Asks: 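Below you'll find the structure I mean.
Numbered from 1 within each chain, the chains take letters A, B, ... in sequence-line order. Because the structure is a prediction, the values reported are computed rather than measured.
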Amino acid sequence: MGRKIWITAIMLLVTTSMFLVLSSCSPKKISPGDRGVSQTGTQDDIYTTSGGTDSRTGEDMEGSESGTGTTEEDIRQREIDEQIAREQRQQELETKAFVNMDIHFAYDSFALTPEAIQILNEKVDYLKKYPNTRILVEGHCDERGTAEYNMALGERRAESAKSYLIRNGIRPDRIDTISYGEEKPIAMGHNEEAWRQNRRAHFVIK
Amino acid sequence: MTCPRAFSRSSKLRFIVFIGAFFLFGILSGTSAYSQDKPIRIKPQFLKIPIAVPEFHPIPDTPAGRDIARKAHKMMKDTISFTGLFYLLNKNTFPHDYDASVPDKGLESWIKTGAHYLITGALKLESGIVAMEFRLYAVHEKQMLKGKFYKSWISNQRKIIRKFCNEVVYQITGSPGLFESKIAFVSTGPGTKEIFICDFDGSNPVQFTKNKSINLFPAWSKDGEWIAYTSFARSNPDIFIRNFKQKSGYHVSRKGINTTPAWVPGESKLAATMSFEGNQEIYMLTREGKPVKRLTQNWGIDTSPTFSPDGKKMAFVSNRGGTPQIYIKNLRTEKEERLTFKGRYNTQPEWSPKGDKIAYSAMSKTEIDICVINEDGSGFSKLTGGSGKNESPSWSPDGSMIIFSSSREGSPKLYVMTSYGTEQRRLLTLPGEQTSPDWSPAWVDQ
């Protein structure tokens, strides 16, 4: 038992240090958010001129005040803030992975391949971790078939992804589907590689 | 080193053969030019009706009058020769004593030319108003089949000539001509897929949808008053049913896809592919877009309906047998039978308005081609070949021609051919890709 406690303690240490490394490695990730805030500030500035800027520096000063604070309350607050920021960054990364990872299909098929199932399992994990997200599954085809049939085939592809997610515990009302048939290729070539990339289901967060 | 020499020798040989053929051809064509006195025999493989259209008679015979008459004459010849039904005789064969001012004089002299029919015309232009008289003669019967007198603004000249050409086709074949029909199609010219409409011969292309979205599968109603199509204009693939003239209409937006509208002949109803019940099935809709009956019941994909001219049968595409193939459903007995067995991808059926054939596109390993087949599976014939993707066949209202899209010259453009696959040619030149053509009924409300 004692060994187990030690192991968990070490694991905890490792993970926290990992987080620290991660957060120190990605200072750029913080700045876009900051810029986002200041951008809305400047937009307000159009109407409130200097007033807006004043209030913002006021906030900044407040922030720096609490930053230099040394009470236990302040430290706890800072830890909570950092935790939230970390989680947001984590969600951003996971969302990016969720959206960027398409599943692919064989020619004239809407059957899920083992690779597709592996990717769908990751989607299930994501959707379980973030239960408030709603998604749109787009079904696409390559250019080889005819446009009419491909509209139906694209829908079949989106629907087979959707039903896998549902079978694995995701609520149906969180998933919408749409078929684009062969109308929105991502690879423009007329070869097997382009066709492979275009026979896909794409995932969008709503 | 041996290769280029061998090549040059063979090319020299080829050149000699070419020159020889040229001379031989010259001699042959020379002899035929002398055969004025003997009737010219029409080669049986033409299967075309020989017709003579001598120059029109201007009244008064002034340079301006002659100019108008010449233009009208060219318009008449271009229009009448479009379908491939007629063989226009060369003017060298015309009788020397023909006088355009008295067309019925010496009709028997036309018999020698081989012409079965003769079209004559006289024009009178007066302050922007043109009076035109056209006549159609049956040469052997020495009889006028139709004479028409029109008076209109000069700007309507083309319209009038098309109207008379329709008369000509009707008098000779008994079915109305296609010269007042239109063609709807999809073009990427504006940057997105929009629906366009042009005249039967590719003239006057006009943009019909302007929503900067994806617009697909235009379908004319059989009375020529409505166009149904699929559009992503409101993000989902929905069907829009629009009045061609008034631009008003209906919007069909059920959950899932709403695609491939097809009108039922003789009724103001249409069928379409919808998936609001979970699976792609074909439904019958009212003209207002309300689904009133489900026409297919199958786990597979069912799409692309097309109806026989009597409305009693429907051909459609289904993958219930493992690959997309064409099936026919008898709407009265509910019996469904598979029509195509050759190849692994047969789609886009289009029932001929004559009722005898179904055109469709068949995919092989390297290309897609237009084929026709009888409804009982006999009479298979491949009409295109050796040239890229040939898709989306649509019959002319008289069933004599087929329009389709082809990538034979690079990006997809519109082509026409006779229903036998002969005289394949590009219909129009527009920027972008042109696909999914649909030929209107014989007459469109303009």
Asks: The test is side chain to side chain contact (heavy atoms under 4.5 Å, CB included); show your working for A:Glu148 and B:Thr347 and say whether it passes.
Replies: CA-CA 8 Å; A:Glu148 295 87 346; B:Thr347 59; 5.8 Å; no
Asks: For the atom pair CD1 (A:Ile178) and CZ (B:Phe232), what is the distance rounded to the nearest 0.5 Å?
Replies: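 Rounded to the nearest 0.5 Å, the CD1-CZ separation comes to 5.5 Å.
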Asks: Is atom CD of A:Gln118 surrounded by more than 12 heavy atoms (other residues, nucleotides or ligands) closer than 6.0 Å?
Replies: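 Check fails, neighbour count at 12 or below.
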Asks: Considering non-hydrogen atoms only, spot the tightest contact between B:Gly256 and A:Glu155 and give its length.
Replies: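 Nearest heavy atoms, B:Gly256 then A:Glu155: CA-OE2, 3.2 Å.
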Asks: Given that the side chain runs from C-beta out, which part of B:Ser235 has a heavy atom under 4.5 Å from chain A: side chain, backbone, both or neither?
Replies: backbone
Asks: Does A:Arg144 form a side chain to side chain contact (heavy atoms under 4.5 Å, CB included) with B:Lys389? I'd like the steps, not just the answer.
Replies: CA-CA 9 Å; A:Arg144 277 181 298 172; B:Lys389 281 172 120 184; 5.6 Å; no
Asks: Using a 4.5 angstrom heavy-atom cutoff, name the option from B:Ile257, B:Leu216, B:Thr303, B:Thr260 with the most pairs to chain A.
Replies: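 Among the listed options, the one with the most contacts to chain A is B:Ile257.
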Asks: Do you know which of B:Gly278, B:Pro237, B:Ser304, B:Ser436 has the most heavy-atom pairs with chain A at a distance under 4.5 angstrom?
Replies: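 When all of B:Gly278, B:Pro237, B:Ser304, B:Ser436 are compared, B:Pro237 has the most.
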Asks: Indicate yes or no: at least one non-hydrogen side-chain atom of B:Ile301 is less than 4.5 angstrom from one of A:Met151.
Replies: no
Asks: Which atoms of B:Thr273 are under 4.5 Å from chain A, going by heavy atoms: the side chain, the backbone, both sets, or neither?
Replies: neither
Asks: Less than 4.5 Å to any heavy atom of chain A: does that hold for the side chain of B:Ile214, its backbone, both, or neither?
Replies: side chain
Asks: Tell me, with the steps shown, if B:Asn279 and A:Arg156 meet side chain to side chain contact (heavy atoms under 4.5 Å, CB included).
Replies: CA-CA 8 Å; B:Asn279 190 23; A:Arg156 283 293 178 105; 2.4 Å; yes
Asks: Take a 6.0 Å sphere around CD of B:Glu337 and say whether it holds more than 12 heavy atoms from other residues, nucleotides or ligands.
Replies: no
Asks: Looking at A:Glu73, I want to see if its CD is surrounded by more than 12 non-hydrogen atoms of other residues, nucleotides or ligands under 6.0 Å.
Replies: no
Asks: Could you grab the distance from atom OH of A:Tyr149 to atom OG1 of B:Thr323, nearest 0.5 Å is fine?
Replies: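 So the gap between those two atoms works out to 8.0 Å.
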Asks: Take atom CD of A:Glu72 as the centre, draw a 6.0 Å sphere, and report whether it contains more than 12 heavy atoms from other residues, nucleotides or ligands.
Replies: no
Asks: CG of A:Asp108 to CZ of B:Arg344: how many Å apart, nearest 0.5 Å?
Replies: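 Rounded to the nearest 0.5 Å, the CG-CZ separation comes to 8.0 Å.
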Asks: For atom CZ of B:Arg294, is the number of surrounding heavy atoms from other residues, nucleotides or ligands below 6.0 Å larger than 12?
Replies: yes
